A.B. asks: 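One structure follows; several queries about it will come next.
Values in this document were obtained by computation on a predicted structure and should not be read as measured data.
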Amino acid sequence: MRLLAPVFFISLFASLSNAVVINEIMYNPAGDDNNNEWVELYNNDSISYNMSGWTIGDMNSNDSLQRLQGNDILPAGGYALIGEEGVNLSLYPNTIFFSAGAAIGNGLGNTNDAVFLFSDRLLDNISYSSSQGGNENGKTLCRLLGGIAECQPTPAASNIASNQDVKLEILLPGAVVVSQNYTSLFKIEIDNKNCAAMDNISVSYNITNATSVIKQGSFTKGVGCTATSDTGDWVPDKEGGFALCGIISQTTSGDALASNNVACRNVTVMASAACSLNIWLEANSVVNAASTMNYKILVNDTGCSNSSHSLSVSYWIEDLFGKIVRNETTDQSMTCFISIDRQWTPGGIEGSEAFMINAGITNPYCTDTDSSNNFNTKLIAVRGLAGEAEKESYIKINGVDAGSDNVAQYGETVDVTAEVYRNSTAKYAVNAWIKNSNGTGISGVSTIHANKKLATYVLKIPIQLKPNCDSAFADGVHTIVFEGLDTNANAAVNISGISGSTCKTAAVSGGSGSVSDGGSSAGGSNTISLPYEIISYPDRVYVGQKFFVRLKLMNVWGAEKNLSVYSYVYRNNTPVSIGFGNGRWSGSWDANKRNIKLLPNESVIVNLESQIENTTEPGKYVLNARVQADKDYDFKRDLDVVSQPHLMVTKDGKSISLETDCTGCSILVLPEDIVFNTTSASMEASAGLHSIMLLTGGVILEKVSIDVDDRENRTERAETSNIVTGSSTKADFIFDIRDVAKAFVLVFIQRFA
């Protein structure tokens, strides 16, 4: 099974950015797989989701979810399990549990496979391989901050990596001073886990000299991935040599290695050392109320003797009326210099206000020769946005272009100009579509991602009307809907008639039958119903592009039946496609062949993945999906194979127009942080250099760098990267590499058309 491209694969698992994610997979349990495979979902959002009507699938088929236990609502921070209909629910008490039918997809592959989660769109997907672990050893594969890894099974609970390890280290310096109170004796660290989940770790410790035990103690800490503060305490009362030893006595975390649960260090206690400390602050003088500001507390010992010692620093932030908005103390270890990084988010400030950051050394734990410079302040201005930090997000529809006569036809595109403002909400997606009076969607959905908070976007979005070839939708005035960011806007559009170029007829035949545009069946008649239904297929693909043919296989014979199905693209009896099957890509006619056994009246959805070979000449080809049963059933369709897509960027002042010949691609505009999932759009851009990228499947196909301050109107083109591998000439990227990584995170990759 093909894995995702490495950069994008890592970014998917490095951040739980989706609202509901596939969190853990038991794909090959020890023993019998039947009714023992399961998939765990985690709601990573702050709101609940109704799972009614959701779908799960693998690379071969999809299944509608049926609730077996609990309710349909997945709460914020909650878990749900998806398994098979015969599962023993007593093994999963008090758990939301859904059935995927007799199997999840076509039965989760034991070698490699992928899992997809759908609502009305693709919510999440994971590709996996048995080489990653969890292969019939009682373990699972789960999401961790570092990616996907083998885990201890924790259905409906926080993930625990099978190599999760608790370590204890001595944090106390090897040289300390008399009468200082040390409260951070140890560092507890847990490797290979989700740091947001807390584990309780208990530690016992003692301090001894050459003849006796000076102190015994213990503590229990809640630990995400690391903890150092309040890890024991000790006030040395005399000089000399001592030993500090600790041991982890109890843990709620997985612990793969016990040898690092014990730590010891020899410590020398000295008389209070001389020092000359001074403290100062570094921070921006003006900050925005809705942003997180970073500032530094810096301490220097000008009389440094290169010996380590601790100090306590108190710091607080107050307004000019003396109201304290933050008040903290931190214990730090330093030798000659230390920089303490801190953050503060003002929030909720209208207009502008002034604040004072204060920091002082409250306990130097050394003999400071000059204490007059042990306190410092920094005045900052917090710039509110005249209430905009609290202003609601909004969408305004400013214009509708339905053609020269202001009447659109079904199958055409309606261009809508809109102004979108996003406040500090975590939501960023805006969807645009057209519905009729019954609320039925009569167009595709155009989506933009407004990724920058407290920003206004002026956009022109095309909305593609459905062809209406069967005249299911009536003529008349219908409603344009923009929805997202917890707000919406509507406008009217008049639609009448059907564009003559959008509707074609198709006839399907059995045996050696084919599909033609308005022609008749070429292979004779059938005595039984067709054993398949075509769900989706492309009319056009790019050279080197991967694509899917989706079809529903049905047992129409009334008895158990073995079927085979595969697809290919050809011209002049020569295949030009390679298919994915048996864990590899190859170029035979039936490379993506699937063998399916169906019970009487059973059906299954199959996704056949193909790719046009890189050396293929653009032109007209034939796409065929063949079902082999009692005879061959063919579904043939003309297919346009076209050259790799391009991005066209035109500017006029501060207006940028974007256009691509790539259907299904996304256009990312940086630093605006906005994503267009349409073939054309326009926007008002801020001054400065912009990087604009054309992406699909996590691959940057093309990029344009453009300066909106340049007054010359021109069209710019960019070097095209390899559409198959995503490789590109490194020197071509004039923007920061972080922008490239950002692109993979920002763009939602739709796996199916």
Side-chain angles (χ1 to χ4, degrees), residues 1-6 8-9 12 27 55-63 104-118 122 124-129 532-553 563-570 575-596 604-614 616 621-628 634-637 639-642 644 662-665 696-699 722-726 749-753:
M1 188 61 59
R2 177 177 59 88
L3 298 180
L4 296 177
F8 186 63
F9 181 80
L12 274 177
Y27 72 93
T55 300
I56 194 169
D58 63 2
M59 289 298 292
N60 293 303
S61 64
N62 293 338
D63 301 295
I104 301 174
N106 196 39
L108 297 179
N110 291 343
T111 303
N112 41 49
D113 207 339
V115 180
F116 303 89
L117 178 67
F118 301 87
L122 179 64
D124 195 21
N125 62 284
I126 285 182
S127 297
Y128 67 84
S129 167
Y532 68 90
E533 175 185 326
I534 298 296
I535 297 176
S536 65
Y537 56 89
D539 291 318
R540 183 178 68 168
V541 295
Y542 300 105
V543 174
Q545 179 188 357
K546 298 180 178 70
F547 63 93
F548 286 91
V549 175
R550 301 183 72 194
L551 66 163
K552 182 179 181 180
L553 297 182
L563 305 177
S564 295
V565 58
Y566 57 93
S567 66
Y568 52 87
V569 178
Y570 72 98
V576 298
S577 62
I578 53 178
F580 186 77
N582 299 319
R584 63 188 180 88
W585 288 92
S586 60
S588 62
W589 292 88
D590 60 352
N592 58 8
K593 189 173 184 177
R594 301 281 190 273
N595 296 314
I596 310 290
V604 64
I605 295 177
V606 177
N607 300 308
L608 298 174
E609 188 175 9
S610 299
Q611 175 180 312
I612 302 299
E613 290 185 307
N614 292 331
T616 303
Y621 291 82
V622 177
L623 167 65
N624 187 35
R626 172 169 291 178
V627 179
Q628 294 178 319
D634 287 337
F635 177 88
K636 294 184 179 181
R637 184 71 172 177
L639 180 69
D640 290 327
V641 175
V642 297
Q644 294 181 6
C662 181
T663 302
C665 288
T696 184
V699 175
N722 187 294
I723 193 169
V724 178
T725 66
I749 306 302
Q750 179 71 46
R751 289 297 299 271
F752 297 115

A.B. asks: Just verifying a value: how many Å separate M59 CE and L108 CG, rounded to the nearest 0.5 Å?
C.D. replies: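 Answer for the CE-CG pair, M59 versus L108, is 13.0 Å.
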
A.B. asks: Give the ring-plane orientation class for Y532 versus F635, where under 30° counts as parallel, over 60° as perpendicular and anything between as tilted.
C.D. replies: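 Y532 vs F635 ring planes: perpendicular.
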
A.B. asks: What's the separation between atom CD1 in I126 and atom OH in Y27, rounded to the nearest 0.5 Å?
C.D. replies: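 The OH atom of Y27 is 12.5 Å from CD1 of I126, to the nearest 0.5 Å.
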
A.B. asks: Could you tell me the separation between the CZ atom of R594 and the OG atom of S564, rounded to the nearest 0.5 Å?
C.D. replies: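 One finds 11.5 Å between CZ of R594 and OG of S564.
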
A.B. asks: Verify side-chain contact (heavy atoms from CB on, under 4.5 Å) between D640 and D539, making sure each step is shown before the conclusion.
C.D. replies: CA-CA 6 Å; D640 290 327; D539 291 318; 5.9 Å; no

A.B. asks: Could you tell me which non-hydrogen atom of N607 sits nearest to which non-hydrogen atom of S61, and how far apart they are?
C.D. replies: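 Heavy atoms only, the tightest pair is ND2-N, 4.5 Å.
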
A.B. asks: Where do K636 and Y570 come nearest, in terms of heavy atoms and distance?
C.D. replies: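 Scanning both residues, the minimum pair turns out to be NZ-OH, 3.6 Å.
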
A.B. asks: Have N592 and Y566 got a donor and an acceptor in their side chains that come within less than 3.5 Å?
C.D. replies: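 There is no such pair between these side chains.
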
A.B. asks: Kindly assign one of parallel, tilted or perpendicular to the pair Y568 and W589, based on the angle between their ring planes and the thresholds 30° and 60°.
C.D. replies: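 Rings of Y568 and W589: perpendicular, as their planes differ by over 60°.
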
A.B. asks: How far apart are the C-alpha atoms of R550 and N62, what are their side-chain angles, what is the distance that settles it, and do they pass the side-chain contact (heavy atoms from CB on, under 4.5 Å) test?
C.D. replies: CA-CA 10 Å; R550 301 183 72 194; N62 293 338; 2.5 Å; yes

A.B. asks: Do S577 and L623 come close enough that some side-chain heavy atom pair is under 4.5 Å?
C.D. replies: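 Of all side-chain heavy-atom pairs linking L623 with S577, none is under 4.5 Å.
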
A.B. asks: Is the backbone of D58 close enough, under 3.5 Å, to the side chain of N106 for a donor and an acceptor to pair up by distance?
C.D. replies: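 Checking the backbone N and O of D58 against the side chain of N106, no donor-acceptor pair under 3.5 Å is found.
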
A.B. asks: Does N60 form a side-chain contact (heavy atoms from CB on, under 4.5 Å) with V604? I'd like the steps, not just the answer.
C.D. replies: CA-CA 8 Å; N60 293 303; V604 64; 6.0 Å; no

A.B. asks: Under 3.5 Å, side chain of D63 to main-chain N/O of G105, donor-acceptor pair present?
C.D. replies: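 Checking the backbone N and O of G105 against the side chain of D63, a donor-acceptor pair under 3.5 Å is found.
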
A.B. asks: Any side-chain heavy atom of T55 within less than 4.5 Å of one from F116?
C.D. replies: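 Answer no - side chains too far apart.
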
A.B. asks: Identify the heavy atoms of D634 and R626 that sit nearest to each other, and give their distance.
C.D. replies: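 Taking D634 first and R626 second, the nearest heavy atoms are OD1-NE, 2.7 Å.
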
A.B. asks: Are T616 and Y621 close enough, and set up right, to give a side-chain contact (heavy atoms from CB on, under 4.5 Å), and what steps lead you there?
C.D. replies: CA-CA 10 Å; T616 303; Y621 291 82; 3.4 Å; yes

A.B. asks: Please report the shortest heavy-atom distance between Y128 and V115, naming the atom on each side.
C.D. replies: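 So the two residues come closest at CE2-CG2, 4.2 Å.
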
A.B. asks: Closest approach of S567 and S610, non-hydrogen atoms and distance?
C.D. replies: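 Nearest heavy atoms, S567 then S610: OG-OG, 3.4 Å.
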
A.B. asks: Rounded at 0.5 Å granularity, tell me how far CZ in F547 sits from CD1 in I612.
C.D. replies: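 One finds 4.5 Å between CZ of F547 and CD1 of I612.
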
